[in-house]
Amino acid sequence: MMKLKVKYILPLITVLFIACNNNQKMEGTMQQTEPVFPKGEKITNDNFTGTAWLNYLVKTDSVHNVNIGSVTFEPGARTNWHYHKGGQILLVTEGTGLYQEKGKPVEIIKKGDVVKCPPNVEHWHGATPTESMTHIAIGTNTNIGGAVWLEAVTDEQYTK
Ligand code: MN
């Protein structure tokens with residue numbers, strides 16, 4: 001009786017092991033697939049430090065009053081300090097990054113996080129020093145006004 005059990009249990013364990021192993025391989029492949037939105041064009045204006053990319057997805061109009069872009073920050077890259085007259089919502093789609101409102105501690109933001117930037121509150125967002133981060137930035141209430149750009153985030157502020 002015992003002999004029979006071992007005979008059947010061992011192949012079962014082998015099958016389960018192979019199944020789990022295949023599953024891990026599948027997940028590995030999934031991580032290497034292309035992002036939903038390509039990273040777009042390299043940002044060349046002075047409102048950013050480091051290398052960042054913009055894929056402009058939706059231009060505002062009088063019906064929707066939103067600007068939507070996917071922004072990818074390479075490690076170390078971040079926006080200048082700025083605020084949005086109509087506010088902004090960030091949807092983090094890849095990686096790990098940083099977000100800070102003036103006078104508050106730096107927050108770590110990661111894939112799946114949603115950040116609401118209230119109107120007229122100074123802040124910055126970007127990658128961590130070692131990891132890249134992509135977020136979809138939604139400029140809300142664009143009929144009220146867009147981003148107002150301020151000074152760069154210094155290395156000292158960034159690494160705090
Ligand atoms: Mn912002």
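Every number for a ligand or one of its atoms is a count from 1 in the order of the listing.
With sequence neighbours excluded, the residues that form a side chain to side chain contact (heavy atoms under 4.5 Å, CB included) with N45 are I43, N47, F48.
Side chains of W124 and Q100: a donor-acceptor N/O pair is present below 3.5 angstrom, by distance only. Looking only at atom types and distance, the side chain of Y56 has a donor-acceptor partner in the side chain of N67 under 3.5 Å away.
Among the atoms of C117, no N, O or S atom falls under 2.8 Å of the Mn ion (ligand 1). Not one N, O or S atom of T79 sits under 2.8 Å from the Mn ion (ligand 1).
Between H82 atom NE2 and H123 atom NE2, the angle centred on the Mn ion (ligand 1) amounts to 90° (nearest 10°). Rounding to 10 degrees, one finds that the Mn ion (ligand 1) sits at the corner of an angle of 80° between H84 NE2 and Q88 OE1.
At a threshold of 4.0 Å, the pair K102-E151 counts as salt-bridged, since one of the basic side-chain nitrogens sits closer than that to a carboxylate oxygen.
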